[in-house]
Amino acid sequence: MCQVEEEYHEQLERVDRLSLSQKCMKCKEEPAVVVVRAGDAYCRSCFRESFIHKFRAMLGKTRVIFPGEKVLLAVSGGPSSCSMLRQVQEGVGHNAHKKLRFLPGIVHIDEGGALGQSIEMRRKKTSDLQQMFRSTGFPFYIVPLEQVLDLPGSVLVAPSARSDRPDSAYKAAVDLFLQSGGGSDPAGPRQENGQESLLDVHESRTRLLEQLMDSVQTQTAKLDLLNTLRQHLLVHTARKHSYSKLMLGDSCTRLAVRLLTSISLGRGAQLAQDTGFSDCRYGDVVAVRPMREYSAKEIAFYNHLFKVPTVAVPNLETKTSDKSSIQRLTESFVTKLQTDFPSTVSTIYRTGEKLQTACRFSSAAEDSDRCLLCLSSLEPGAEEASALQATLLSERLSQTRGPLSSVPVEPEPAAVGRCCSSGPCGGADCNAGCSSSPTGPQVAGMRSLLCYSCQRTVRDMSSVHHLPPYVLSEAHRRQKRSAMKEQISQFLLDGAEEHD
Amino acid sequence: MPVLCSSCSEKRAVLKRPKTGHSLCKACFFWAFEEEVHHTIVTAKLFKPGETVGVAASGGKDSTVLAHVMKLLNQRHGYGLELMLISVDEGITGYRDDSLETVKRNQQQYDLPLKIVSYEELYGWTMDAIVKQVGLKNNCTFCGVFRRQALDRGAVMLKVDKICTGHNADDVAETVLMNVLRGDIARLRRCTAISTASEGDGVVPRCKPLKYAYEKEIVLYAYFKKLDYFSTECIYSPNAYRGYARTFLKDLESIRPSSIMDIIHSGENLSVRDGVKMPVQGTCSRCGYISSQALCKSCVLLEGLNRGLPKLGIGKHHRLHEKLLSQQPLTESEQRKLKPVDF
Ligand SMILES: [Zn+2]
Ligand SMILES: [Zn+2]
Ligand SMILES: [Zn+2]
Ligand SMILES: [Zn+2]
Ligand SMILES: [Zn+2]
């Protein structure tokens, strides 16, 4: 069947090679040294100016970060987040032309424990970062991923946001900030430099983390889970040190890859939060992405020309093949397509721009309306005719034969029983007694607490019992609560549960 | 030791379901496949009793399986539908001859009435004649646009209430990816819909009963049922972007088989921002078909063919529509741009 219904030949035009002897398109005097994209050739100083301008324009336009607000920059050591750090440094510096009026801090999550790195190697990497962070004069926190094992359950309960402040509130905050003489000291009053040392990482915690990662049987699910846990730890760190904004260094290229990855993982409903400028799902801590209009190439040029230091930190995807995971496959797909069709990244990015970005955070919503792991709103009872229902039906029909009508729509209990006998812990370390544990949440029961995509991730785990305690106890709490609600359901009046 | 069927636990499993990974015997696979399509039809309320439904038949695997399953389910579950096969003859020498033979055999095997509508009869042009004028590069634009309307025109002629097409889960997922890659938000939003409502006189509502069926399972079903189908790949080059999306989807499926459903799930749950402009659907002022422009795609293409300016419908030449509608001649420079390219 010929499925070609439309023509898009215009988009298929290949890249025009540019001559490099051209003049800067902005000042029209200096020779161009950088060609960001076809037709955009800049000299050194014009490139710098436009790069810096774009950062401030993004913050100015979005009005999400208030003057005087504490903003925590998540810096991985990679090109994009390091470039972001430089933009903030430039912005709050004493001779900054138009000052950024917020109080920055830095957080770095050390994931070496999930990669099986030696403690010596981890210390070396972090000491490089430490040096870089210290030179900024901002408070900074280097947090080992192991700390995710000790998070409080409250991480999964989003407190109400202050995100619905109207535009006038922004103005008022600016005025207040100026009156109070704010901005005289860019970094604000010296805060404690919470340099949480790696020395604090107990070997037993690392072992638990390794067990958790090992219990995830596919690389795709591993990356997805790691992403979720990292996010929890970032939000927690921000809260702990009373930062109300979390600044992420995602570039346009990164976000285009993430958008396609999210679609492939079934996260369509969360696309806007995953890729938009701001993400309000955590309530009182709002994540923002000011680097979202820079391409990876642009950032690489900038870092090279203006000597922005980066620290190469290996991650789970390092040295893996293209087909090791959906995340990796998508990245290499987009990268290859971008080489052939230079508009690929920007086109995908613009698709994301047209999706719902409004923060639909409502403090009235019960926690149970949100996914236990990623905190996205759970899709209200999926329609009968949907991919979700079709999948559940396929599983059911492949297992027990019977007349359709008599089979209840109940997901099959997944691999709980496999844990201790064949799991990585071999039964020895598992204090909960895994499969026979009467108190722990079961995978099947856990499903109702998770969004479609997080269900897929958890399915790839040999046992949910290796999830961090804060996740398990919160799951348990929600299950108990919904069981309670069921018991008393006939006595509840409509809307009663909305006000607690 | 033979693997037992995970469903009946009695018979020997003969296949591993691509969708779920379960090992099933032949009978249990047939049952599951058919009941899943039935579930789709019932829950999405695709048909009403007493309706006449045209099954778009190309002779390929998707439409052959669709025709077979529709006939079977109509009887098994008493849908009360009047079914018929509708086939389009584009007039491509050698390409359709075999597939039309297949459709004709299907007609006998399934005992369903068959109507073949030809491009020549509908448009006055065969695909062969079109290719002669436009060259190989752009002809897929023509066969896609013309085929869509041919089905509608055929359906109207036959007084059919609905058309169902053989689009499967892979097709839908692939279209989601393709629309993301080219930033087509309007199509992205529409492409996961299982059925289209009737819009305008010239359009018959369409639906995709195989929307949640994996392509691989359709092939397995046809194979074990020994269904007679013709392997139709368009003999002309496929659209490059769709090719990329297809390869990507196959790779995703090999890493995580549920990817196909996951992508459809994503597509079904996308929310488009308020204020993003969506093209307004109007109707063609010449033939009444849905069109966002004054003239529908196929009328523009036809006009171009008849005037000897085949590139007319291929680029974006909306501003010329007024002229075309009022039968005005084009200027010399306008003509030059639209002349066939030399090969
Ligand atoms: Zn310049
Ligand atoms: Zn989730
Ligand atoms: Zn069986
Ligand atoms: Zn074609
Ligand atoms: Zn028309």
Side-chain angles (χ1 to χ4, degrees), chain A residues 1-12 218-220 259-260 262-269 271-272 322-326 329-330 333 337 344 347-348 350-351 353-358 379 383-391 393-395 397-401 404 452-453 456 460, chain B residues 6-8 17 19-20 22 24 28 31-32 35-36 39-40 43-44 58 60 62 138 140-141 143-145 147-148 171 176 180-183 185 188 194 212 232 234 236 238-242 244 248 251-252 254-256 258-259 261-273 276 314:
Chain A
M1 183 194 250
C2 171
Q3 285 160 328
V4 182
E5 286 157 26
E6 314 88 16
E7 83 296 344
Y8 271 82
H9 298 289
E10 303 100 301
Q11 294 188 3
L12 302 184
T218 61
Q219 180 78 357
T220 301
L259 186 121
L260 209 51
S262 287
I263 286 188
S264 307
L265 292 176
R267 294 197 181 276
L271 278 191
D322 282 2
K323 293 198 182 165
S324 60
S325 69
I326 286 179
L329 175 74
T330 310
F333 172 72
L337 208 56
T344 302
T347 307
I348 300 175
R350 270 186 284 115
T351 307
E353 286 296 83
K354 293 170 194 156
L355 297 168
Q356 188 66 254
T357 50
E379 298 96 23
E383 277 179 59
E384 267 294 283
S386 65
L388 177 61
Q389 293 301 334
T391 306
L393 179 72
S394 295
E395 280 165 8
L397 286 175
S398 304
Q399 287 184 339
T400 39
R401 176 112 178 231
L404 247 185
Y452 179 95
S453 189
R456 286 262 183 260
D460 286 354
Chain B
S6 67
S7 178
C8 63
R17 278 198 84 172
K19 199 173 179 178
T20 65
H22 291 97
L24 294 182
C28 288
W31 173 264
E35 287 310 297
E36 282 166 29
H39 181 259
T40 306
T43 54
S58 67
D62 298 322
N138 291 314
C140 271
T141 305
C143 77
V145 170
R147 177 182 290 119
R148 203 180 151 82
D171 293 333
V176 170
V180 170
L181 290 182
R182 59 188 195 194
I185 201 83
L188 181 60
I194 191 161
Y212 299 116
T232 42
C234 182
Y236 301 122
N239 172 306
Y241 254 57
R242 192 174 272 281
Y244 284 108
F248 180 49
D251 289 343
L252 286 171
S254 74
I255 296 174
R256 184 181 266 192
S258 67
S259 293
M261 290 301 243
D262 298 345
I263 291 168
I264 300 177
H265 176 82
S266 281
E268 287 174 344
N269 289 282
L270 288 179
S271 50
V272 175
R273 216 157 88 179
V276 169
I314 292 164

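These numbers come from the heavy atoms of this one structure, side chains and all, not from hydrogens, waters or symmetry mates.
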Trainee: How long is the gap from CG on A:Leu393 to OG1 on B:Thr40, to the nearest 0.5 Å?
Mentor: 8.0 Å
Trainee: How long is the straight-line distance from CD1 of B:Ile185 back to CD of A:Glu353, given to the nearest 0.5 Å?
Mentor: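 Reported value, rounded in 0.5 Å steps: 10.5 Å.
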Trainee: Excluding sequence neighbours, so at least two apart, what forms ring pair (Phe, Tyr, Trp, His ring centres under 6.0 Å) with B:Phe248?
Mentor: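 For B:Phe248 the ring pair (Phe, Tyr, Trp, His ring centres under 6.0 Å) partners, ignoring immediate neighbours, are A:Phe333.
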Trainee: Can you see which heavy atom on B:Ile255 is nearest to which on A:Thr220, and at what distance?
Mentor: CG2-OG1, 3.7 Å
Trainee: Which atoms of B:Leu252 are under 4.5 Å from chain A, going by heavy atoms: the side chain, the backbone, both sets, or neither?
Mentor: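 Answer is both: backbone and side chain atoms of B:Leu252 are under 4.5 Å from chain A.
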Trainee: With sequence neighbours excluded, what pairs up with B:Thr20 under the side-chain contact (heavy atoms from CB on, under 4.5 Å) test?
Mentor: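 Here the qualifying residues are A:Ser394, A:Glu395, A:Ser398, B:Arg17, B:His22.
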Trainee: Could you check whether any side-chain N or O of B:Glu268 sits under 3.5 Å from a backbone N or O of A:Ser386, counting only pairs where one atom can act as donor and the other as acceptor?
Mentor: no
Trainee: Kindly compute the distance separating CG (A:Leu397) from CH2 (B:Trp31), expressed to the nearest 0.5 Å.
Mentor: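 Answer rounded to 0.5 Å: 8.5 Å.
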Trainee: Does a donor on one side chain sit under 3.5 Å from an acceptor on the other, for B:Asn269 and A:Tyr452?
Mentor: no
Trainee: Between A:Ser264 and B:Asp262, is there a side-chain heavy-atom distance shorter than 4.5 Å?
Mentor: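 Not in contact.
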Trainee: Heavy-atom pairs under 4.5 Å with chain A - which of B:Lys19, B:Arg256, B:Met261 has more of them than the others?
Mentor: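 Going by pairs under 4.5 Å, I would pick B:Arg256.
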Trainee: At their closest point, which heavy atom of B:Val176 faces which heavy atom of A:Ile263, and how far apart are they?
Mentor: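 In terms of heavy atoms, the two residues are closest at CG1-CG2, 4.2 Å.
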Trainee: With side-chain contact (heavy atoms from CB on, under 4.5 Å) as the criterion, how do B:Ser258 and A:Arg456 come out once you've worked through the C-alpha distance, each side chain's angles and the decisive distance to 0.1 Å?
Mentor: CA-CA 9 Å; B:Ser258 67; A:Arg456 286 262 183 260; 3.0 Å; yes
Trainee: Nearest heavy-atom pair of A:Lys323 and B:Asp251: which atoms, and what distance?
Mentor: NZ-OD1, 3.2 Å
Trainee: To the nearest 0.5 Å, what is the distance between CD1 on A:Ile326 and OG on B:Ser259?
Mentor: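 One finds 3.5 Å between CD1 of A:Ile326 and OG of B:Ser259.
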Trainee: Non-hydrogen atoms of chain B under 4.5 Å away: do they reach the side chain of A:Ser262, the backbone, both or neither?
Mentor: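 Answer is backbone: N, CA, C or O of A:Ser262 sit under 4.5 Å from chain B.
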Trainee: Taking the side chain from B:Ser266 and the backbone from A:Arg267, do they hold a donor-acceptor pair closer than 3.5 Å?
Mentor: yes
Trainee: In terms of heavy-atom pairs under 4.5 Å, which option from B:Val180, B:Leu188, B:Leu270, B:Ile194 contacts chain A the most?
Mentor: B:Val180
Trainee: Is there side-chain contact between B:Leu181 and A:Thr347, with heavy atoms separated by less than 4.5 Å?
Mentor: no
Trainee: If we only count heavy atoms from C-beta on, is the B:Ile263 to A:Leu265 side-chain gap below 4.5 Å?
Mentor: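 Heavy-atom side-chain distance check fails, nothing below 4.5 Å.
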